[in-house]
Structure formats: C-alpha cells, structure tokens
Number of protein chains: 2
Amino acid sequence: MAKIDLIKDLVPIAQNTMADIVEKELRDYLKKKSFKPGDALPSELELAEALGVSRNVVREALSRLRMLGMVETRKRRGMILSRPDILGSFERVLDPLIIDASTLQDIFELRLTLEMGLADILYLRKTKKDLKELEAIAKSQEPKGKGQAFRISSEVAFHGKIYQMTGNDTLTRFQNMLLPIFGYVISLEKVPKIGTVSHIDLVNILKDGSKEEFRAGMMEHLKPHFDRLK
Amino acid sequence: MAKIDLIKDLVPIAQNTMADIVEKELRDYLKKKSFKPGDALPSELELAEALGVSRNVVREALSRLRMLGMVETRKRRGMILSRPDILGSFERVLDPLIIDASTLQDIFELRLTLEMGLADILYLRKTKKDLKELEAIAKSQEPKGKGQAFRISSEVAFHGKIYQMTGNDTLTRFQNMLLPIFGYVISLEKVPKIGTVSHIDLVNILKDGSKEEFRAGMMEHLKPHFDRLK
DNA sequence: TACATTTGATATGTAGGACATATCTACATA
DNA sequence: TATGTAGATATGTCCTACATATCAAATGTA
C-alpha cells in the first residue's frame, strides 16, 4: 500500500537534454540583455563554443526559438532578435483531437467567460458602421433551421464580428483559435440547443440597450451552454 | 512613384527551411492519423528516409514538437505521442520585455474581459470553504498603503484565488501567465489608482449578493483600469 | 520449469567535418 | 553614379561516428 502511494508521488526526473538547457539559456539571455528587435546575435559557432556544445545542439535550440518567432535567421547576416507572435505557438497545439477532454471543457468555459466579459469593452468601442455590418450578418442568418453546418458557421460569423468590434486584435485572434474547440464540444451534443435570445435580438440591444441589458441578453443566448456546466 | 508603390506591395518570399516543412508535415501526420498518446512513432532514421531529408533536419523538427509537448522521446524506445501542454509554449513567449506595446495593451484588456466574465462560472462553483479562504486573503490585506510591491502582490493573491475558485485549471494557469503583463502595464502608471470597491467588499458581495451585484462590484473595483482605455 | 544474468541490437543524444548557398563588404569598372 | 565582380562569412543541409540507455533474446542457475 505504502509503496503504491510513494510511486504515485514520484515524477520522472527531468531528463533535460542539452538542447533543452541551451534553449532556456538562450531565452534568458535574450530577455536579460534587453535587446531590441533587429539586434544581431552571435553566430551559431560562437554560441556553440561559448556554451561548450556542438553546433548541432545550438541549432536545435535555435530552431525552437525560430518557431516561437523570437529570432530570425538570414544567411550570412546571422541571427537577429525579433518579436515573437505570442499566439503563433498556441495555434500549433490547439487541435481538439490531441487535447484531453478535461482541457477541452476548460477552454469551452474560457470562451464563455470571454463572451460574458466583452460587454464593457464592446460598449467602449462599437461604432455605427460595425453595428450595421453586424446587423447584416444577423439578418442573413434569419431563415433558420438550415442544418448543423450552417448553424455553426453562422455562430462563427456573428460572434467573430463581435470580437472584432472590440478593436482588440489579440483577443480576436485568440477567439478564432478557440472556435474549433468550441465547435467540437458543441458537436458532441446530441440535440442542438438554441437560446431564447437570437442574434437579431442581440443586435437590437447593442443599438439601443445598455451594457447590462446586453450582458443579460448574451447570457440568455448562451444559456444552453451554461446549462451544460455543473 | 509607381516604383515605390510596387516595392511596398512586395513581401519577402517565405524562405521555408526543410525543418519548417518537416515540422508541419509531422504535425499534420500526427493529427490525421488520430493517434492516441503513448503510440509509438517511426524512428528518426525512418522518418528521415521517408521524407528524403537528413536526420539532422528531422531532429530539428522533432525538437520543436518535443518543446510543444506533442511527442516524447526515450532512448531505444523511440518516440511516443503525448498530450501537449497547451499553455506551455505560451509561457515561453509571454514576457513584457519582448512584447510590443500594442499587444501588451491587448493582453491587458483581455484580462479585464476575463475578470468581468467570471461571475457566471464563479457563482456556479463557489463553495463556503473557498469563500472563507478568499475572505482570509482579503482581510490580511486590510492595513492599506504598504507600498507598490505589497499592493501588487495583494492583487495577485486575491484575484488569483478568484480564478482558482472557478475550478478551471486552464483558466487559472492562463490568468497566472497574464499577470506579469498586467502588472507591467499597471506599473507604467505614474499615480496608482484604486477603485472604490475593495477586496473585502467583493467578498461580502460574493457571500450574500447576486451575480449582477458582483459584476457591478468588480466593475467598480477595476474602474481605474477601464478608465485608462479609450 | 522458473528465475536471474548476460549479451546483443537498436534508437536517441551529441560531436565534428564537409560543402552548397546566400549575402554582405570591398573593390573595380563603365 | 551606377553597375558588376570577388572574397569572406554564416546559415542550411548532409554525413559519419560514437556514447548511452534500454528493450529483447539468449544464456546460465537453482
């Protein structure tokens, strides 16, 4: 008995490879020195010598940083620091098929949370032009009951537009990445549920109503999803 | 004139390296085949031959996937598919010093959005035990005006606990990663601003008040930050 | 037969050498 | 001034080699 408990507490010792170490070393190096994008870095050979590893190892570490967008490399020019695309690496991993059920559920909730929190910034930034466009989207979806595929693409278009109206590019991209997962979780439902507040209703609230009314409307719109949470 | 316009339209052609291609190839391969974690993958040499590249290139690509947590490797055992830590790669890049101002602002807003959207899930999951712990945190912060460092660590402890009360691990971790950036943006203020609703007030609302009251309270608590947004 | 030990094969981790290619610098030329 | 040439340099790719860890089979022992 005691043995099993002990084993459960044990975690595999971190078999850090040289590439892992060098990667971390380089990331710390880049952060500390407060470089600016465009600054040149030592060459691979210099790094290898300085760190006492082979050029292979350095290249593996650099390959990772390159993927993260932290550095760029040009022939002869050497390496230069660059601004990472903070969502880029996220995107690579965000696939419903390779994420465990518990995390999928977490992300589902994360998106619901965002949706409910949008009102304040939305009311700060919304414009007449955006409202018209949103209304056009909502109206084009009016003939309801066109099947699952149409329903999902409608949701994507409408809610995507709302995020875009916040003027926050990062938020908009982030939500776009979450969509496949959101869609996946919804597709697990047997019976598609629809809230009592429609897209058109939400548009009308946005036009004339208050933040609080919009939030209440969004809650009703998403109610079927919230009801699924325990 | 025409020449300059032409040049403006030109973008550098994507100099994809072999490692980039192989990385994408492998990711698609892993997704398509619907492997389960633990499944064994071909050896580096087999992959290299199958793709017609050197083992070096394959190793660079695999090194990236290893960083993302998509695969694990053991000597002799070969490679096995594993569940990526979706936030792990995010963490590597999330440093205020290497993110541009506009994205920092976006992330600042993202956190405000989350904070305002928490109410629904929070009221679904909060327990008496959690409330007590949250109250303890809030009370321990009562003697105000202990300087910037104490103020920030108080914010972190209190708001962190709220996220934890949602029972959503991904959300909690995500918020924790956003904290340095949030703190950084705040630290740019000359005069620290404090909302009219304190942590204690929020706890009291959580104990007896409604979701709507909590949301209103949180809005007041965060008002100084929202006022900074245009 | 059952179990423990040894041995060999295999895949990864690391090192180092080689060369093609792109591109920067300097110099030469019209 | 603009263009073209030559050399130097850093990356991109390939190859070979070997240490090490580990699985699997062979061997030895009770």
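Hydrogens, waters and symmetry mates are skipped; everything else that's a heavy atom, side chains included, is used. For clarity, every value in this text was computed on a predicted model and none was experimentally measured. The sequence lines fix the lettering, A, B, ..., with proteins before strands; numbering per chain opens at 1.
- C:dA30 is paired with D:dT1 under the criterion used here, namely a Watson-Crick or G-U wobble arrangement in which both key atom distances are under 3.5 Å.
- B:N56 contributes no side-chain N or O that forms a donor-acceptor pair with the base of D:dG12 under 3.5 Å.
- Between A:S54 and C:dA15 there is a side-chain N or O to OP1 or OP2 distance below 4.0 Å.
- Rounding to whole angstrom units, CE of residue B:M18 and P of C:dA20 are separated by 16 Å.
- The interatomic distance linking B:L51 (CG) with D:dT13 (C1') rounds to 15 Å, in whole Å.
- Put simply, CG on B:L62 is 14 Å from P on C:dA11, counting in whole angstrom units.
- Between B:F174 and B:F90, the ring center distance clears the sub-6.0 Å criterion.
- Against DNA chain C, the stretch residues 38-47 of chain B makes heavy-atom approaches under 4.0 Å through B:S43, B:E44.
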Give the C-alpha distance, both sets of side-chain angles, the deciding distance and a yes or no for side-chain contact (heavy atoms from CB on, under 4.5 Å) between B:Y163 and B:N176.
CA-CA 9 Å; B:Y163 279 87; B:N176 262 300; over 6 Å; no

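- For the pair B:N168 (side chain) and A:D106 (backbone), a donor-acceptor distance under 3.5 Å is present.
- Using bins of under 30°, 30° to 60° and over 60° for the plane-to-plane angle, the ring pair B:H221/B:H199 lands in the tilted bin.
- Straight-line distance from the CD atom of B:E60 to the P atom of C:dT12: 16 Å, rounded to whole Å.
- A straight line from CG of B:L65 to P of C:dT12 spans 13 Å, rounded to a whole angstrom.
- Applying the 4.0 Å criterion to OP1 and OP2 of D:dG12, one finds that A:R59 has a side-chain N or O inside that range.
- Considering only side-chain N and O atoms, B:T73 lies nowhere under 4.0 angstrom from the phosphate OP1 or OP2 of C:dA11.
- What separates CG of B:N16 from C1' of D:dT11 is a distance of 15 Å, to the nearest Å.
- Distances were taken from every side-chain heavy atom of B:V57 (C-beta onward) to each of C:dT14, D:dC14, C:dT12; the shortest belongs to D:dC14.
- In this structure, B:F35 has its ring center closer than 6.0 angstrom to the ring center of B:Y29.
- D:dT11 atom C1' lies 6 Å from atom CZ of A:R55, rounded to whole Å.
- Between B:E115 and B:R111 there is a salt bridge, since at least one side-chain N of the basic residue sits less than 4.0 Å from a carboxylate O of the acidic one.
- The distance from atom NZ of A:K75 to atom C1' of D:dT13 is 9 Å, rounded to the nearest whole Å.
- Each of A:R77 and A:T17 was matched to the nucleotide of DNA chain C holding its nearest heavy atom; the match closer to the 5' end belongs to A:T17.
- Contact between B:M218 and B:L202 at its shortest, heavy atoms only, is N-CD2, 3.6 Å.
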